[in-house]
2 protein chains.
Amino acid sequence: MLSHESPECQERCSRIFLVLCYGEVMNASRTARERVRAELTREITDIARRHLATDGAPGLSLRAVAREMGMVSSAIYRYFPSRDDLLTALIIDGYNALGEAVEDADAVCPRDDFTGRWLAVCRAVREWALARPHEYALLYGSPVPGYQAPEDTVVAAIRDTVVYGRIISEAYAAGALTPPGGTPAPPAAFAGDAAIVRELMPGVPDDVVAQALVAWTGLFGWVSFELFGQFNNAILNRATAFDHLMRRHAALLGMPA
Amino acid sequence: MLSHESPECQERCSRIFLVLCYGEVMNASRTARERVRAELTREITDIARRHLATDGAPGLSLRAVAREMGMVSSAIYRYFPSRDDLLTALIIDGYNALGEAVEDADAVCPRDDFTGRWLAVCRAVREWALARPHEYALLYGSPVPGYQAPEDTVVAAIRDTVVYGRIISEAYAAGALTPPGGTPAPPAAFAGDAAIVRELMPGVPDDVVAQALVAWTGLFGWVSFELFGQFNNAILNRATAFDHLMRRHAALLGMPA
DNA sequence: CTCATGAGAGAGCATTGCTCTCGCAAAGGA
DNA sequence: TCCTTTGCGAGAGCAATGCTCTCTCATGAG
């Protein structure tokens, strides 16, 4: 008999959860049934992701996915209890894909080229978003109304932020950050939140944390503006402008040119 | 007979367009029929805006609006040819409301307190958004898939930006901008876009234009992050953090503390 | 007074998310 | 090996949506 605390049960539950919510299998599942279930779950999310890419989240229809799989619509509910759960799986996948893209972009840079690493991260975010606008919109656009982000999305959601925080932290530790003066000192009431954010960039003082937030919100603010049409008829040579603004952010963080 | 170029026709067409798309009447309409039509159009958009506020854009249903008006659903189509057109009207209304809030916030500040004016604009945007998250999401979140912003939304969409540009322009003209050094010079390829953006902030050099874009994207990047849940469990004392970051943006623009 | 125009009512179509029941087949225990 | 539990696909069905079409009637212009 399995107790709920037994490693077996935990392992089984977590695998089921992964199959259900992530549409992924870790490796060979135990039984044949579980294997085909994982296969079909993955197929559903793949088709759904394709529909999402072409039609956007509001146009994602469970019935259309079922049709493409040659299933009847009600059968999909064996795999995802609701449309929102399918969307949640896509969201988690999306965060992981973006996080991986950011990790890869950072990984190929020389470790001590902090400006280069930051720029690589910025470009990775932008290019990932431009290649999959609807998926980006699902992650960083308006949240779907009924949707409550499960706690589990959080770990995936901050993968890119973790990379960013490491760059800042390492740059500061290496003494490579000499920010320009003239900026106001963070107020005392900011200390608490700075401490939370500092978990992502250990050892960094409050004013660098604040400036890091400026850069991070600036990056996603730009990408969202560009993708959601706010730059129409206003900014044409977008790659150039983006690049310059991100270099500017690096300089304002005190990174070397 | 009215030619299409006659002032009468143009006036009539533009009024019809306003009623159709803006849900507003300029003043007393000509005939009684037109007056009641304008009244009903306004009532539809009012109810729709209320539904939008509570349920979000995807939950906005033409039939529900019709039901609340005591009409049958098909009758709504006499006023808005499709759901998207109703949404367009709400978008334009939203841009105008936000623009007006920003204008009002700026108007009560001393003209030469540029830092104060910028902070007032920032707070106005954030507070407007926090008070109507769904409406903000409609403006700055993921665009609805089928939706193509008509040219007409543009004038409303940049009302807030116009205020912002004026602050920058006047601050620069007053010699009140002394930005910190150390930022990279804008590349030559940026000049074209800088010229376009400069129409909103006449007389300002390219590097100030670039920094102005940094601040503007930072403002909306923050507000979107805060509203769309990206700060959950990360930043708690949000008003404080927001205020400090916007002060920081002011300082980086070279505004006096 | 006549007649064209505008507008609401109603039925209807295709589509959606989701539920329920039914029946079959595979997995697992005795 | 047999029997039972479990999982899963099929199908019908419900309520709701956006949108179209036709019918009818009142209003307003000539």
Side-chain angles (χ1 to χ4, degrees), chain A residues 1-2 8 12-13 15-17 19-20 25 29-44 47-48 51-52 55-90 144-147, chain B residues 1-2 8 12-13 15-16 19-20 29-44 47-48 51-52 55-90 144-147:
Chain A
M1 173 191 279
L2 293 179
E8 288 84 2
R12 181 166 174 278
C13 288
R15 190 175 57 251
I16 289 177
F17 177 77
V19 170
L20 265 177
V25 220
S29 301
R30 199 143 313 184
T31 76
R33 233 185 205 167
E34 277 176 1
R35 200 157 38 213
V36 63
R37 180 181 178 82
E39 185 95 16
L40 286 186
T41 309
R42 154 149 241 107
E43 196 177 335
I44 292 175
I47 295 177
H51 286 202
L52 170 66
D55 303 332
L60 175 63
S61 145
L62 276 186
R63 292 180 109 112
V65 173
R67 229 174 286 132
E68 189 165 331
M69 292 193 63
M71 282 168 116
V72 86
S73 74
S74 59
I76 296 281
Y77 289 85
R78 297 283 179 193
Y79 299 87
F80 293 92
S82 82
R83 186 177 173 277
D84 272 6
D85 292 274
L86 177 54
L87 274 181
T88 301
L90 293 179
V144 297
Y147 178 74
Chain B
M1 173 188 282
L2 293 179
E8 289 83 4
R12 180 167 173 277
C13 290
R15 190 174 59 251
I16 288 177
V19 169
L20 265 178
S29 302
R30 201 143 312 183
T31 77
R33 233 186 205 167
E34 278 176 1
R35 200 156 41 212
V36 64
R37 178 180 178 83
E39 185 95 17
L40 286 186
T41 309
R42 154 150 242 106
E43 195 177 335
I44 291 175
I47 295 177
H51 286 201
L52 171 65
D55 303 332
L60 175 61
S61 144
L62 276 186
R63 292 179 108 113
V65 173
R67 227 174 289 132
E68 189 165 332
M69 291 193 64
M71 282 169 116
V72 86
S73 73
S74 59
I76 297 280
Y77 289 84
R78 297 280 178 195
Y79 299 89
F80 293 93
S82 82
R83 186 178 174 277
D84 271 6
D85 292 274
L86 177 54
L87 275 180
T88 301
L90 293 180
V144 296
Y147 178 74

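The basis for the numbers below is simple: all heavy atoms, side chains too, and nothing from hydrogens, waters or symmetry mates. Letters go in sequence order (proteins before strands), and every chain restarts at 1.
When every heavy atom of B:Arg63 is checked against every heavy atom of B:Ser73, the shortest pair comes out as CG-CB, 3.7 Å. Closest non-hydrogen pair, A:Ala57 versus A:Arg83, comes out as O-NH2, 2.7 Å. The two atoms that bring A:Ala89 and A:Phe80 nearest to each other are CB-CE2, 3.9 Å, heavy atoms only. When all heavy atoms of B:His51 and B:Glu68 are compared, the closest pair comes out as NE2-OE1, 2.7 Å.
Checked options A:Leu60, A:Leu52, A:Val65; the residue passing with A:Ile47 is A:Val65 (criterion: side-chain contact (heavy atoms from CB on, under 4.5 Å)).
The CZ-P distance, from A:Phe80 to D:dC8, rounds to 13 Å in whole Å. Spacing between atom CZ of B:Arg33 and atom P of D:dA29 amounts to 8 Å, rounded to whole angstrom units. Remark: C1' of C:dT16 and CG of A:Asp84 are 14 Å apart, rounded to the nearest angstrom. Regarding A:Arg37, its CZ atom lies at a distance of 9 Å from the P atom of D:dG7, rounded to whole Å. Taking atom CG of residue A:Leu87 and atom P of nucleotide C:dT16, one finds them 15 Å apart after rounding to whole Å.
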- Message: What does the B/S/- profile of nucleotides 9-18 of chain D look like, 5' to 3', with a 4.0 Å heavy-atom cutoff to protein?
- Response: BBB-B---BB
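Qualifying side chain to side chain contact (heavy atoms under 4.5 Å, CB included) partners for A:Ser74, counting only residues two or more places apart in sequence or in other chains: A:Val72.
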